[in-house]
Amino acid sequence: THLDKYLDEFSKHAESNGVIVHWAADADEFNKITYTILKDHGVKKMVKSKSMLTEECKLNPYLTSKGIDVI
């Protein structure tokens with residue numbers, strides 16, 4: 001019932017430890033943020049585990065369409 005409070009608290013604590021927290025409003029924004037991070041680091045191939053979030057957002061096909069080899 002207080003998810004917004006806990007997310008904000010988590011974000012503040014993570015950021016105080018040097019973590020960069022990204023917020024996405026939808027699957028499209030999530031995919032774009034993920035791709036931008038990978039592109040900025042010159043990633044051409046990545047190995048990732050299966051997760052419900054990436055399955056629901058169709059991240060693998062999105063990254064493949066951008067030229068990233070997802071294993």
Side-chain angles (χ1 to χ4, degrees):
T1 60
H2 302 287
L3 183 59
D4 59 333
K5 176 186 165 215
Y6 295 128
L7 289 173
D8 187 49
E9 185 177 331
F10 169 80
S11 177
K12 287 178 183 172
H13 286 289
E15 289 172 342
S16 73
N17 285 299
V19 174
I20 299 171
V21 177
H22 300 272
W23 298 96
D26 56 24
D28 186 52
E29 189 175 3
F30 166 78
N31 289 341
K32 288 177 182 175
I33 290 169
T34 303
Y35 173 66
T36 299
I37 293 167
L38 297 172
K39 183 179 75 170
D40 289 351
H41 288 86
V43 173
K44 301 284 186 219
K45 180 185 284 191
M46 69 177 265
V47 177
K48 67 173 243 353
S49 63
K50 183 176 180 175
S51 76
M52 288 308 297
L53 176 63
T54 60
E55 291 293 316
E56 291 174 5
C57 294
K58 298 178 177 46
L59 180 64
N60 288 8
Y62 178 83
L63 294 177
T64 301
S65 76
K66 298 289 188 183
I68 295 181
D69 185 16
V70 181
I71 299 170

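Since the model is a prediction, treat every value here as computed from it, not as a measurement.
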List the atom pairs, with distances to 0.1 Å, where a side-chain N or O of residues 2-16 and a protein N or O form a donor-acceptor pair under 3.5 Å, not counting sequence neighbours.
unit_1 : atom_1 : unit_2 : atom_2 : d
Asp8   : OD2    : Lys12  : NZ     : 3.1
Ser16  : OG     : His13  : O      : 2.7

Side chains of residues 56-71: which donor-acceptor partners sit under 3.5 Å, not counting sequence neighbours?
unit_1 : atom_1 : unit_2 : atom_2 : d
Asn60  : OD1    : Lys48  : NZ     : 3.3
Thr64  : OG1    : Asn60  : O      : 2.9
Ser65  : OG     : Tyr62  : O      : 2.6

Given 3.5 Å as the limit, does a donor-acceptor pair link the side chain of Asn17 with the main chain of Val19, or not?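 Between the backbone of Val19 and the side chain of Asn17 there is no qualifying donor-acceptor contact (under 3.5 Å).
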
Taking the side chain as every heavy atom from C-beta outward, state whether Thr54 and Phe30 have any pair of such atoms under 4.5 Å apart. yes

Same cluster or not: are Leu38 and Leu53 linked, directly or through other Ile, Leu, Val, Met, Phe, Trp or Tyr residues, by side-chain heavy atoms under 4.5 angstrom apart?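 The answer is yes; both residues are in one hydrophobic cluster.
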
From CD1 (Ile37) to NZ (Lys32), nearest 0.5 Å: 14.5 Å

